[in-house]
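Just below is one structure, and these are the notes that go with it.
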Amino acid sequence: MAVRVQREDFNIGRELDALTEGNPGIGGLCSFTGLVRDIHGDAGVSAMTLEHYPGMTEKMLLEIEAEANQRWPLEQTLIIHRYGRLLPGDRIVLVAAASAHREAAFEACHFLIDWLKTKAPFWKVEEDRSGEENWVQARASDDSAAERWNK
Amino acid sequence: MAVRVQREDFNIGRELDALTEGNPGIGGLCSFTGLVRDIHGDAGVSAMTLEHYPGMTEKMLLEIEAEANQRWPLEQTLIIHRYGRLLPGDRIVLVAAASAHREAAFEACHFLIDWLKTKAPFWKVEEDRSGEENWVQARASDDSAAERWNK
Amino acid sequence: MKVLYFAWLRQKIGVGEEQLDVPDTVATAGQLVDWLVARGQGYADAFQDMTAIKVAVNQEFADWDAAVTAGDEVAFFPPVTGG
Amino acid sequence: MKVLYFAWLRQKIGVGEEQLDVPDTVATAGQLVDWLVARGQGYADAFQDMTAIKVAVNQEFADWDAAVTAGDEVAFFPPVTGG
């Protein structure tokens with residue numbers, strides 16, 4: 001189990017390899033990486049900045065991770081989330097779950113990103129090509145994605 | 001889109017980085033890695049050998065990949081499956097799907113491995129610690145996992 | 001009381017964090033908002049649409065009727081958009 | 001006709017692939033099994049429990065009543081267990 005909030009980029013391969021290394025009890029590893037897209041709605045995005053709430057962010061990510069480990073039989077979990085200014089194509093977030101079984105790995109990984117999307121205190125502000133700053137609006141689809149795990 | 005059937009190991013990081021490189025239309029990348037577990041039921045597994053049907057394997061993997069690309073709006077997909085003798089902890093399979101949207105990436109990745117599990121002509125034979133060879137039995141849970149996509 | 005503002009609330013209020021002497025009459029997160037709004041136009045602008053604002057007390061999501069006291073850390077922010 | 005066997009079918013029959021001159025009376029995958037079983041004990045053992053066996057004709061999954069002809073590639077194997 002690990003949670004990291006950092007300005008720097010991360011190396012997906014190194015992170016995922018470290019999760020399974022030396023643990024032959026793992027049969028499946030599921031990961032999700034979120035990246036900055038260059039198109040958001042109609043306006044081209046030239047950059048975005050991720051603001052967060054230091055202290056609460058780590059606390060919430062640890063809670064989300066602990067909840068996943070309580071719901072599924074997991075061998076390893078990982079959440080890395082960046083903050084600061086990011087460009088299109090940049091990695092934003094990596095979540096991963098490793099388990100003896102494939103379904104548990106998939107569901108836990110999906111759960112991690114869905115809950116993170118609605119519970120971790122990050123806010124995105126996008127710069128479009130004209131230099132305008134726009135705070136990204138929360139999406140109802142993210143709420144309903146998170147809701148499906150409330151059972 | 002790419003399908004590879006190979007004896008050699010693969011590097012998860014290199015493969016996943018290559019999928020998103022230079023494509024800022026990708027917002028989410030989901031991957032699943034299957035590994036050899038050292039416990040299978042009660043008997044400890046000391047090694048396993050994966051046999052496959054050269055020709056049909058590639059054909060089926062391409063069909064599965066094409067089906068995923070038809071069902072979801074994907075920017076990239078990847079299936080790598082190894083054959084030959086593997087030890088506990090070794091990587092067996094990597095499937096990945098990249099999309100503008102997180103749900104499409106998750107569902108397509110899940111679909112890829114579920115269909116692969118029931119449609120790609122691979123067979124596992126395990127060696128337990130006493131040197132006995134046991135052909136792995138197909139599991140009903142894999143059939144039902146694949147079935148859920150039949151709609 | 002330590003009070004924090006994030007995203008466009010921070011921009012409208014002009015400060016991300018402040019240490020405030022809040023009167024004893026302010027007992028809940030909702031009452032804290034009312035008290036802040038009376039402090040100036042920036043606060044009034046920031047808290048204009050309360051449906052777009054979340055509150056956390058001591059780094060946990062809270063309701064508007066959650067208790068707040070002098071030693072607490074209270075944060076206001078829009079719905080989160082990370083990931 | 002090119003006939004292939006995989007996994008424990010290959011082990012029981014003792015060969016992974018053979019080129020066979022199949023008589024014209026064998027028109028379906030199921031009839032091919034009957035004809036193979038008559039060839040020897042290894043085949044009879046391999047095809048004892050047909051519920052545990054799948055067939056592919058020209059590298060596509062097929063039914064037991066699928067047509068097979070001289071130029072075809074027919075493969076027999078247990079349910080797949082990759083991934």
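Order of the sequence lines sets the chain letters (A, B, ...), proteins ahead of strands, with each chain counted from 1.
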Reported CG-to-CG distance for the pair Asp114(B) and Asp143(B), which is rounded to 0.5 angstrom: 11.0 Å
Which bit of Lys117(B) is near chain D, if near means a heavy-atom gap under 4.5 Å: side chain, backbone, both or neither? both
Name the member of Trp135(B), Phe32(B), Phe122(B) that forms the most heavy-atom pairs with chain D at distances under 4.5 Å. Trp135(B)
Anything under 30° is parallel, anything over 60° is perpendicular, the rest tilted; go ahead and classify Phe76(D) against Tyr5(D). parallel
Under a 4.0 Å threshold between the charged nitrogen and the carboxylate oxygen, would Arg71(B) count as salt-bridged to Glu107(B)? no
Does any donor atom in the side chain of Asp45(D) or Gln41(D) lie under 3.5 Å from an acceptor atom in the other side chain? yes
Okay, Ala7(D) and chain B: the region with an atom under 4.5 Å from a heavy atom over there is both
